[in-house]
Amino acid sequence: MPRYIDVQAPEQGIQLITLQRPEALNALCTELLAELAEALRAAEHDELARVVIITGDRKAFAAGADISEMAERDLVGILNDPRVAHWQGIAAFSKPLIAAVNGYALGGGCELMMCADIVIAGTDARFGQPEINLGIIPGAGGTQRLLRAVGKPLAMQMVLTGETITARHALQAGLVSEVTLPELTVERAMQVARNIAVKAPLAVRLAKEALLKAADTDLASGLRFERHAFTLLAGTADRDEGIRAFQEKRQARFQGR
Ligand code: CAA
């Protein structure tokens with residue numbers, strides 16, 4: 001039974017993971033991160049889980065790595081840090097991951113949010129990489145994913161000053177996909193998840209993989225990957241079903257085959 005997260009399946013195809021460490025603004029202690037990585041590993045192999053939503057509470061999505069825990073770790077501790085594998089596991093999740101963000105998404109919290117594929121933010125959300133205030137730098141993808149998301153000037157400003165940005169600013173910069181009322185973030189994330197959960201799972205998986213390729217490869221390689229993925233899907237029963245359903249003017253029923 002996880003201690004710091006709550007895992008629910010509120011509807012068919014959708015898994016909702018809620019970070020539950022309010023006493024520390026959902027700071028990502030190693031146990032919490034391990035539980036999260038484990039929950040995603042389980043969802044990866046669960047055919048019924050088509051989309052996963054991660055959320056926090058109204059005050060914080062997550063206020064970063066646990067600073068008290070960090071204070072205990074020396075250089076060797078950091079070299080042997082199990083958190084690296086947990087982060088890799090989270091980033092490698094192959095199904096759609098939606099973050100529903102209210103309040104603080106700082107440091108590791110912002111990095112966790114950037115591991116998600118779609119981000120629904122409440123107007124009350126604040127994003128930042130304040131590690132510089134602690135004499136360190138982001139260590140879970142903050143310098144790399146932030147720059148790719150918002151471009152150099154804003155990424156530099158956020159990482160070098162530790163300043164936070166508002167949800168509106170994050171939307172304008174391309175860091176989040178939508179901004180909604182604070183009380184509606186999870187509901188809106190559920191709507192988006194519902195829309196994805198009824199699609200062909202193999203097409204969804206390859207679409208995610210192809211889009212992520214765009215962030216870390218050159219255009220020619222990315223286009224080649226896209227073409228191969230597109231061709232692969234021609235061998236699926238769901239492609240036949242999708243096209244037949246369109247021609248017969250009915251809703252497609254995808255099986256993930
Ligand atoms: N780690 C551990 N505990 C944290 C925490 C964190 N990242 N963030 C908040 N808390 C704790 C506070 O210590 C406090 O605990 P106590 O009640 O026991 O004192 C509790 O959560 C509530 O926090 P505050 O009283 O500070 O709440 P606030 O509303 O006054 O301020 C805040 C909110 C501005 C987010 C402030 O808590 C803050 O600055 N937190 C730290 C943010 C930060 O620096 N994050 C980066 C961490 S490093 C990192 O993430 C490295 C990486 O790249 C992986």
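Just follow the structure's listing: the first ligand is 1, and inside any ligand the first atom is 1.
A salt bridge links R244 with E241: at least one charged nitrogen is closer than 4.0 Å to a carboxylate oxygen. Ion pairing of R21 with E35 is absent here, as no side-chain N (NZ or NE/NH1/NH2) approaches a carboxylate O to less than 4.0 Å.
Per-atom contact check: atom 16 (P) of ligand 1 does not touch the protein, criterion being a heavy-atom distance below 4.0 Å. Less than 4.0 angstrom separates atom 54 (C) of ligand 1 from at least one non-hydrogen atom of the protein. In this structure, atom 23 (O) of ligand 1 has a protein heavy-atom contact shorter than 4.0 Å. Distance remark: protein heavy atom present below 4.0 angstrom from atom 2 (C) of ligand 1. For atom 26 (O) of ligand 1, the protein comes within 4.0 Å by no heavy atom at all. Atom 30 (O) of ligand 1 is never approached by the protein to below 4.0 angstrom, counting heavy atoms only. In this structure, atom 7 (N) of ligand 1 has protein heavy atoms in its sub-4.0 angstrom surroundings. The protein reaches atom 50 (O) of ligand 1 closely, with a heavy atom under 4.0 angstrom from it.
E209 and S94 share no donor-acceptor pair across their side chains, judged by distance under 3.5 Å alone. For the residue pair Q191 and R188, a side-chain donor N or O sits within less than 3.5 Å of a side-chain acceptor on the partner.
Looking only at distances, a side-chain donor or acceptor of R50 sits under 3.5 Å from a matching main-chain atom of A197.
Only the side chain of L134 comes within contact range of ligand 1, with a heavy atom under 4.0 Å; no backbone atom does.
In this structure, H169 and F127 have side chains that are not in contact, with every pair of non-hydrogen atoms separated by 4.5 Å or more. Side chains of I165 and Q157 form no contact here, defined as non-hydrogen atoms less than 4.5 Å apart. Under the 4.5 Å side-chain criterion, counting only non-hydrogen atoms from C-beta, D238 is not in contact with K199. The closest side-chain heavy-atom distance from K59 to P22 is not below 4.5 Å. Y4 places none of its side-chain heavy atoms less than 4.5 Å from the side chain of L33. Between C115 and R145, some side-chain heavy-atom pair lies under the 4.5 Å cut-off. Residues V51 and K95 have side chains not in contact (no heavy-atom distance under 4.5 Å, counting atoms from C-beta outward). Using a 4.5 Å heavy-atom threshold, the side chains of R126 and T166 count as touching.
Protein heavy atom nearest atom 38 (C) of ligand 1, with residue, atom name and distance: L106 CD1, 4.9 Å. Closest to atom 45 (N) of ligand 1 among all protein heavy atoms lies A63 O, 2.9 Å. Given atom 18 (O) of ligand 1, the protein heavy atom at minimum distance is E23 O, 4.9 Å. In terms of protein heavy atoms, atom 28 (P) of ligand 1 is closest to K59 NZ, 3.9 Å. The closest protein non-hydrogen atom to atom 9 (C) of ligand 1 is L25 CD1, 3.8 Å. At the top of the distance list for atom 4 (C) of ligand 1, counting protein heavy atoms only, stands A24 O, 3.8 Å. In terms of protein heavy-atom proximity, atom 44 (O) of ligand 1 is nearest to P130 CG, 3.6 Å.
Taking any N or O of G107, backbone or side chain, none lies under 3.5 Å from an N or O belonging to ligand 1. When only interatomic distances are considered, the shortest N/O to N/O separation between E111 and ligand 1 falls below 3.5 Å. Distances between N or O atoms of G64 and those of ligand 1 include no value under 3.5 Å. The shortest N or O to N or O distance between I67 and ligand 1 is under 3.5 Å. For a threshold of 3.5 Å applied to N or O pairs, the pair formed by S68 and ligand 1 contains no separation below that value.
Those atoms of ligand 1 that come under 4.0 Å of a heavy atom in A27, given as number and element, are 1 (N), 2 (C), 6 (C), 7 (N). Close contacts between ligand 1 and G139 involve ligand atoms 52 (C), 53 (O) [criterion: under 4.0 Å to a heavy atom]. Residue-ligand proximity, E131 to ligand 1, at heavy-atom distances under 4.0 Å covers atoms 48 (S), 49 (C), 50 (O), 51 (C), 52 (C), 53 (O). Those atoms of ligand 1 with a heavy atom of P138 less than 4.0 angstrom away are 53 (O).
Here the closest heavy-atom approach between residue I120 and residue T185 is recorded as CG2-O, 3.9 Å. Shown here for Q15 and A43, the closest heavy-atom pair between the two residues is OE1-CB, 3.5 Å.
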